[in-house]
Amino acid sequence: MVKRFFGTDGLRGRVNEFPMLPETVLRLGLAAGQYFRNGKKRHKVLIGKDTRISGYIFETALTSGLCAAGMDVMLVGPMPTPAISFLTRSMRCDLGVVISASHNPYYDNGIKFFDSQGYKLPDEVEDEIAELVLDPCTDWDYPPQDRVGKTARVVDSMGRYVVTLKHTFPADRTLDGVKVVLDCAHGATYRVAPMVLSELGAEVVAMGVAPDGTNINDGCGSLHPDKVAERVVAEGADIGLALDGDGDRLIVVDEKGTVLDGDQIMALCAQDKMDRGVLRGNLLVATVMSNMALEVFMRERGGTLLRTPVGDRYVAEAMRARGAVLGGEQSGHLIFSNYSTTGDGILAALQLLRIMTARARPLSELAGLLTPYPQELINVPVAGKRPFGELPELMAAVAQAEAELAGRGRVLLRYSGTEPKARVMVEGQDAAQVLSLAESLAEVVRRVLN
């Protein structure tokens with residue numbers, strides 16, 4: 001139950017279905033408040049959300065639970081996930097909460113937590129909170145009537161975040177003359193991202209900036225960078241930026257309309273930091289999903305690629321433990337730990353624009369550092385999530401595929417942390433072989449797990 005409750009990026013599910021029910025989220029507020037309440041001081045919780053219509057439901061339910069548990073709640077409304085991480089730390093809150101299902105459609109929603117330092121909660125803390133929520137016999141430790149929480153709205157939260165982002169860009173430089181196509185996915189960045197870029201001098205062609213509660217991620221944003229690519233070519237822009245619904249993910253398009261993934265951007269940023277001698281330990285942190293070419297890229301330059309499980313919080317935890325300054329995911333979560341504790345799409349865009357303006361070269365030339373190996377990822381709906389090692393037929397098929405790759409590629413199987421799906425990934429140097437192996441493995445997964 002606990003593992004099904006919290007996934008790789010917090011709680012997530014279909015609105016008005018378990019676990020995304022008002023009564024469950026009310027209990028989640030009670031549980032989080034009880035867990036983080038410590039001593040007799042006033043406790044503060046910051047709550048932000050994206051633009052989903054259901055955000056009103058869960059904002060109210062969470063606030064009720066947290067206040068009943070003795071926590072003062074500060075509401076900021078629609079703001080990017082990384083902004084909540086920053087504001088939680090900056091405003092000395094005990095806890096930060098984001099109501100969002102990231103890149104999912106509007107009919108899903110989710111909840112993720114940040115601790116007082118702006119880091120996502122570790123598994124063991126989430127599990128303890130989940131046990132309180134799921135146990136119908138939980139005896140809530142309600143505070144005295146004069147210690148219940150109250151609610152206030154933070155009116156200047158966007159301005160604080162804009163200023164902080166602009167300070168990550170060199171003070172002696174502007175984006176004058178740079179034309180940017182920006183897709184905000186009708187999500188949490190729809191106001192702040194155009195403001196940051198335009199105040200730095202960029203000419204911004206904005207897309208996905210008219211949220212109506214149901215159009216978030218709908219044919220736009222980081223899951224549909226082809227729309228940005230078309231617009232970049234049509235507008236003659238220098239770069240295209242596609243954000244996801246909660247603003248922690250970035251997919252980039254060069255001036256020719258070529259889509260670049262997180263691995264290619266990490267390679268470019270790692271090379272820049274190595275050139276300047278500021279990539280601490282010559283270490284880059286990524287997940288098991290990052291392309292094998294990125295590992296080779298780092299090794300050839302005297303660096304190291306450290307892999308973690310999928311999820312930007314695992315990347316952040318490893319970066320924190322190893323003192324790394326750069327990490328991320330192929331999907332576009334990019335973490336620059338000198339500035340942020342979590343993935344931040346706008347911050348990543350500014351770091352990329354800093355490199356472009358410093359080197360005065362088009363992005364297509366700069367991004368040519370990394371040519372990813374052919375990779376196929378197939379998502380297979382499954383009826384259950386049995387450990388792969390308990391499936392002899394599947395393990396035999398994996399062994400056969402790895403033998404065919406002969407050390408020039410790899411196979412990765414994993415379950416989605418948020419959906420009933422198994423992910424089958426194969427990569428190697430021969431595109432036809434990779435596709436064939438991925439399809440045959442996906443068929444075995446389909447057969448043995450359904």
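Values below: every heavy atom of this structure, side chains too, minus hydrogens, waters and symmetry copies. Residues take their numbers from the sequence shown, with the count starting at 1.
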Does any non-hydrogen side-chain atom of [Y] lie less than 4.5 Å from one of [X]?
| X | Y | value |
| --- | --- | --- |
| L283 | R322 | yes |
| L197 | L350 | yes |
| L449 | L391 | yes |
| V76 | L46 | yes |
| R12 | S102 | yes |
| Y107 | R52 | no |
| L243 | L182 | yes |
| L95 | T88 | no |

Working to the nearest 0.5 angstrom, can you tell me the gap between [X] [atom1] and [Y] [atom2]?
| X | Y | atom1 | atom2 | value |
| --- | --- | --- | --- | --- |
| L200 | L353 | CG | CG | 9.0 Å |
| M266 | H333 | CE | NE2 | 11.5 Å |
| D9 | H103 | CG | NE2 | 9.0 Å |
| I251 | L223 | CD1 | CG | 8.5 Å |
| E59 | I111 | CD | CD1 | 11.0 Å |

Any side-chain donor near an acceptor of the partner, [X] and [Y], under 3.5 Å:
| X | Y | result |
| --- | --- | --- |
| R423 | S416 | yes |
| S85 | T341 | yes |
| D248 | T81 | no |
| D123 | Y314 | yes |
| R249 | S222 | no |
| D141 | Q34 | no |
| Y190 | D50 | no |

So, are [X] and [Y] salt-bridged, with charged N and O less than 4.0 Å apart?
| X | Y | value |
| --- | --- | --- |
| D72 | K150 | no |
| K49 | D246 | no |
| D272 | R354 | yes |
| E317 | K120 | no |

* Asked: For I265 and L250, what are the C-alpha separation, side-chain angles and deciding distance, and is it a side chain to side chain contact (heavy atoms under 4.5 Å, CB included)?
  -> CA-CA 10 Å; I265 301 306; L250 172 72; 5.7 Å; no
* **Where A293 and L370 come nearest, the two heavy atoms and their spacing** => O-CD1, 3.5 Å
* **Residue pairs, two or more places apart or on separate chains, that pass salt bridge (charged side-chain N to carboxylate O under 4.0 Å, His left out) and touch residues 74-94** =>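 Residue pairs with at least one partner in residues 74-94: K41-D94.
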* To do: Check the pair R446 / E439 against salt bridge (Lys or Arg N to Asp or Glu O under 4.0 Å), numbers first and verdict last.
  => CA-CA 10 Å; R446 202 171 285 117; E439 289 178 340; over 6 Å; no
* To do: Quick one: sort the F18 and F5 rings into parallel, tilted or perpendicular, breaks at 30° and 60°.
  =>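 Tilted, since the angle between the ring planes falls between 30° and 60°.
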* To do: State yes or no: are the ring centers of F113 and F36 separated by less than 6.0 Å?
  =>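 Aromatic pair excluded; centres sit 6.0 Å or further apart.
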* May I have the step-by-step check of side chain to side chain contact (heavy atoms under 4.5 Å, CB included) for T342 and I335, ending in yes or no? => CA-CA 6 Å; T342 191; I335 303 174; 5.5 Å; no
* Where do R191 and M158 land on the side chain to side chain contact (heavy atoms under 4.5 Å, CB included) test, with the steps shown first? -> CA-CA 9 Å; R191 290 182 300 168; M158 186 168 70; 3.8 Å; yes
